[in-house]
Chemist: 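If you scroll down you'll find the structure; I have some questions about it.
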Protein chains: 2
Amino acid sequence: MNNRVRQLRGEFKITQERLADRLGVSRQTVISIENGRYNPSLVLAYKIAKIFACSIEEVFDFSEVEIGE
Amino acid sequence: MNNRVRQLRGEFKITQERLADRLGVSRQTVISIENGRYNPSLVLAYKIAKIFACSIEEVFDFSEVEIGE
DNA sequence: ACTTAACGTTAAGTACACTTTACATATTAG
DNA sequence: CTAATATGTAAAGTGTACTTAACGTTAAGT
């Protein structure tokens, strides 16, 4: 799933390390999310969105998520 | 973290099994989420919200989530 | 030339999201 | 009374979100 974390972090001009500190996670976690290795947990996604003054849906791209009948 | 899944499922009058089918997960997963055993993944949270025509933040209560300095 | 800052990788470990199977209980329908 | 429906619990297994630690690269500052 694509996300706008790297873009938003650029707009807010903060480093991965600074973002990781604010989120309370390791720098590796920020790298992994930015590089699409895995998706954040629900709570972490929420924290990311709030730091960038967005909703979760504005940061993460759910357009490829399919929902059944 | 609290959520409104059980309440919304009641309003939409569908069973846990039916919801699980639409989400593509097991019934146990729905039970665990409704009963607060654990939080859904980001993608699952999105699917739940869409089925009930809500945003993620309208379904899940993030009021106790703290964000650092 | 050397250092520091920022970003990235790899690897091994822990915790949790989710699965399957099996069984228990309460309520409702025939 | 019996059977079906809906909800719940327990246990053991798999995959992924996240951690720590160590190391490599590139660009900027002095």
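Below, chains carry the letters A, B, ... as their sequence lines are ordered, and counting in each starts from 1.
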Chemist: Which is true for A:S26 with a 4.0 Å heavy-atom rule: it touches a base, it touches only sugar-phosphate, or it touches nothing?
Modeler: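 Base: the residue A:S26, judged by heavy atoms under 4.0 Å, touches a nucleobase.
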Chemist: Does B:V5 reach the side chain of B:L19, with side-chain heavy atoms less than 4.5 Å apart?
Modeler: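 A side-chain contact exists here, since the closest heavy-atom pair is under 4.5 Å.
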Chemist: From the set D:dG8, D:dT9, D:dT19, return the single nucleotide nearest to any side-chain atom of B:Q16.
Modeler: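 Between D:dG8, D:dT9, D:dT19, the one nearest the side chain of B:Q16 would be D:dG8.
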Chemist: Scan B:R18 against the nucleic acid and name what it touches under 4.0 Å (heavy atoms): base, sugar-phosphate only, or nothing.
Modeler: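 If one applies the 4.0 Å heavy-atom cut-off, B:R18 turns out to touch nothing in the nucleic acid.
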Chemist: Respond yes when some side-chain nitrogen or oxygen of B:R6 is under 4.0 Å from OP1 or OP2 of D:dG8, and no when none is.
Modeler: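 Yes.
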Chemist: If we only count heavy atoms from C-beta on, is the B:F60 to B:N2 side-chain gap below 4.5 Å?
Modeler: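 A side-chain contact is absent here, since even the closest heavy-atom pair is not under 4.5 Å.
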Chemist: On DNA chain D, check which nucleotide each of B:Q28 and A:Y38 is closest to and give me the residue with the more 5' one.
Modeler: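 It is B:Q28, whose closest nucleotide lies nearer the 5' terminus.
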Chemist: Which residues satisfy the side chain to side chain contact (heavy atoms under 4.5 Å, CB included) test with B:R4, sequence neighbours excluded?
Modeler: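 With sequence neighbours excluded, B:R4 shows a side chain to side chain contact (heavy atoms under 4.5 Å, CB included) to B:Q7, B:L8, B:C54, given in chain and number order.
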Chemist: If you look at every strand shown and take non-hydrogen atoms under 4.0 Å, does A:R37 touch a base, only sugar-phosphate, or nothing?
Modeler: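 Result for A:R37 = sugar-phosphate.
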Chemist: Taking only residues two or more places apart in sequence or in another chain, which ones pass ring-ring contact (aromatic ring centres under 6.0 Å, His included) with A:F12?
Modeler: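 In terms of ring-ring contact (aromatic ring centres under 6.0 Å, His included), with neighbours along the sequence ignored, A:F12 is linked to A:F52.
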Chemist: How is B:S41 classified with respect to the nucleic acid when contacts are heavy atoms under 4.0 Å: base, sugar-phosphate, or nothing?
Modeler: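 Answer is sugar-phosphate: B:S41 comes under 4.0 Å of backbone atoms only.
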Chemist: Are B:E64 and B:M1 side-chain neighbours, meaning at least one heavy-atom pair lies under 4.5 Å?
Modeler: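 The answer is no; the side chains never approach within 4.5 Å.
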Chemist: Decide yes or no on side-chain contact (heavy atoms from CB on, under 4.5 Å) for B:L44 and B:T29, but give the supporting numbers first.
Modeler: CA-CA 10 Å; B:L44 186 52; B:T29 295; 3.9 Å; yes
Chemist: Using a heavy-atom cut-off of 4.0 Å to chain B, what are the terminal contacting nucleotides of DNA chain C, in 5' to 3' order?
Modeler: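 It runs C:dA17 to C:dA22.
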Chemist: Would you mind classifying the nucleic acid contact of A:T15 as base, sugar-phosphate or nothing, using non-hydrogen atoms under 4.0 angstrom?
Modeler: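 Touches sugar-phosphate only.
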Chemist: Using purine N1 to pyrimidine N3 plus N6-O4 or O6-N4 for Watson-Crick, or N1-O2 and O6-N3 for G-U wobble, both under 3.5 Å, which nucleotide pairs with D:dT30?
Modeler: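 WC or wobble partner is C:dA1.
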